[in-house]
Amino acid sequence: HPMIDVQEIAKLQEQTVAKWHQEKITNPYSGLLEIVCQQHSFNYRLWHEEDQARCPNADDKTIAQVKRNIDQLNQKRNDWIEKIDDGLTMLLEERGVIPHSRAPINTETPGSVMDRLSILALRIYHLQEQLQRQDVAPDHMDSVRHKIAVCQLQKNDLVVALQQLLNEIGSGDKRHRTYRQFKMYNDPKLNPYLNGQITRRAG
């Protein structure tokens, strides 16, 4: 029995995207799935803010607010990738998993792969929405179907690869570590525009 079932995570992401388009965002899960769902919700909000940022009729004030929203949501998105990886560390400790002495570490953490799966779930949903349009030419539909097929292939590949990685981590054949991103732009102590070191752009 795998420590984490990636199919369950992919199903969660797919189902919540559809559900949240019909009702408010909720998170009925527990344990690691609760953390995954919370991280996914920030991607969901971020996706729709990104759409608003590109509205040609939006005034400068609206665009500025949307850009700030995007900045805040992106920070939370990255924070919760780390929380997923921290949750995995706790699971490994609970199970007493100790990596083998020469176990390699993966270049990408499970949390970052789950983030990519989250974005793919959103992309596939919104591409499928395009298939309901009545105002587009057949070549648009053909292009959308091709994009959906590519995204589904990428999603399937990621699910398989992530399950293999988690199985290897769970058996001690690979090491797991949370990579801290230390985003500087939102930290008043590190961003010179926030702490007063710079008050205007040069030139």
Side-chain angles (χ1 to χ4, degrees), residues 1-21 25-47 73-129 144-181 183:
H1 181 72
M3 179 174 58
I4 298 170
D5 185 347
V6 180
Q7 290 284 359
E8 186 177 10
I9 288 171
K11 184 177 179 181
L12 176 159
Q13 292 168 334
E14 178 183 345
Q15 291 180 342
T16 50
V17 166
K19 182 179 179 181
W20 293 341
H21 276 89
I25 294 174
T26 56
N27 186 347
Y29 301 94
S30 60
L32 188 67
L33 288 182
E34 180 181 7
I35 304 173
V36 170
C37 185
Q38 186 66 37
Q39 195 276 335
H40 182 48
S41 74
F42 293 126
N43 274 328
Y44 178 89
R45 293 183 176 99
L46 189 57
W47 182 283
L73 287 167
N74 198 46
Q75 179 71 59
K76 291 178 179 178
R77 166 200 175 193
N78 284 284
D79 289 345
W80 282 78
I81 290 174
E82 294 181 11
K83 289 182 186 294
I84 292 173
D85 287 320
D86 286 341
L88 178 55
T89 296
M90 291 179 63
L91 272 179
L92 292 168
E93 290 174 351
E94 289 171 3
R95 292 190 170 213
V97 176
I98 299 174
H100 306 318
S101 59
R102 295 188 178 181
I105 193 163
N106 211 54
T107 58
E108 187 174 27
T109 70
S112 62
V113 183
M114 292 178 202
D115 175 66
R116 291 171 62 194
L117 283 171
S118 167
I119 295 168
L120 274 170
L122 283 156
R123 184 169 295 126
I124 290 169
Y125 178 89
H126 288 97
L127 282 169
Q128 289 173 337
E129 276 190 326
V144 168
R145 292 189 186 96
H146 173 71
K147 288 180 173 68
I148 291 173
V150 171
C151 289
Q152 289 285 7
L153 177 62
Q154 292 173 342
K155 175 183 173 182
N156 293 341
D157 286 348
L158 275 182
V159 166
V160 171
L162 177 57
Q163 189 66 69
Q164 181 178 351
L165 172 61
L166 287 168
N167 291 347
E168 290 173 338
I169 289 172
S171 65
D173 292 325
K174 278 197 174 178
R175 294 180 182 276
H176 170 68
R177 180 178 295 126
T178 299
Y179 282 105
R180 307 297 174 187
Q181 300 189 50
K183 296 292 185 180

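The first residue of the sequence shown is numbered 1, and numbering continues consecutively from there. The shown structure was predicted, so the numbers you read here are calculated from the model rather than taken from an experiment.
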By side chain to side chain donor-acceptor pair (under 3.5 Å) - contacts of [X] (at least two apart):
X: Asn167; value: Gln163
X: Asp85; value: Thr109
X: Arg145; value: Asp142
X: His176; value: Thr89

Could you note down all residue pairs passing salt bridge (charged side-chain N to carboxylate O under 4.0 Å, His left out) where [range] supplies at least one of them, sequence neighbours left out?
range: residues 29-41; value: none
range: residues 108-117; value: Arg77-Asp115, Glu108-Arg116
range: residues 35-47; value: none

Give the C-alpha distance, both sets of side-chain angles, the deciding distance and a yes or no for side-chain contact (heavy atoms from CB on, under 4.5 Å) between Tyr44 and His21.
CA-CA 10 Å; Tyr44 178 89; His21 276 89; 3.4 Å; yes
Go through the structure and list residues passing salt bridge (Lys or Arg N to Asp or Glu O under 4.0 Å) with Asp79, not counting sequence neighbours.
none
Salt bridge (Lys or Arg N to Asp or Glu O under 4.0 Å) against Arg177, all qualifying residues, sequence neighbours excluded:
none
Please tabulate, for side-chain N and O atoms in residues 2-13, each donor-acceptor pair with protein atoms closer than 3.5 Å (sequence neighbours left out).
from, atom 1, to, atom 2, distance (Å)
Asp5, OD1, Gln7, N, 3.0
Gln13, NE2, Met114, O, 3.1

Nearest-0.5 Å distance, [atom1] of residue [X] to [atom2] of residue [Y]:
X: Lys76; Y: Leu46; atom1: NZ; atom2: CG; result: 11.5 Å
X: Phe42; Y: Ile81; atom1: CZ; atom2: CD1; result: 11.5 Å
X: Ile35; Y: Ile84; atom1: CD1; atom2: CD1; result: 7.5 Å

Do you know the tightest heavy-atom contact between Tyr179 and Ile105?
OH-CD1, 3.5 Å
Which atom pairs, one a donor and one an acceptor, fall under 3.5 Å between side chains of residues 148-156 and the rest of the protein, sequence neighbours left out?
from, atom 1, to, atom 2, distance (Å)
Lys155, NZ, Glu14, OE1, 3.4
Asn156, ND2, Gln152, O, 3.2

Can you pull the side-chain hydrogen bond (donor to acceptor under 3.5 Å, both in side chains) pairs that have at least one residue in residues 97-107, sequence neighbours excluded?
His100-Asp173, Asn106-Lys174
In sequence, state the C-alpha distance, the side-chain angles, and the governing distance for Tyr29 and Thr16, and then conclude on side-chain contact (heavy atoms from CB on, under 4.5 Å).
CA-CA 11 Å; Tyr29 301 94; Thr16 50; 4.2 Å; yes
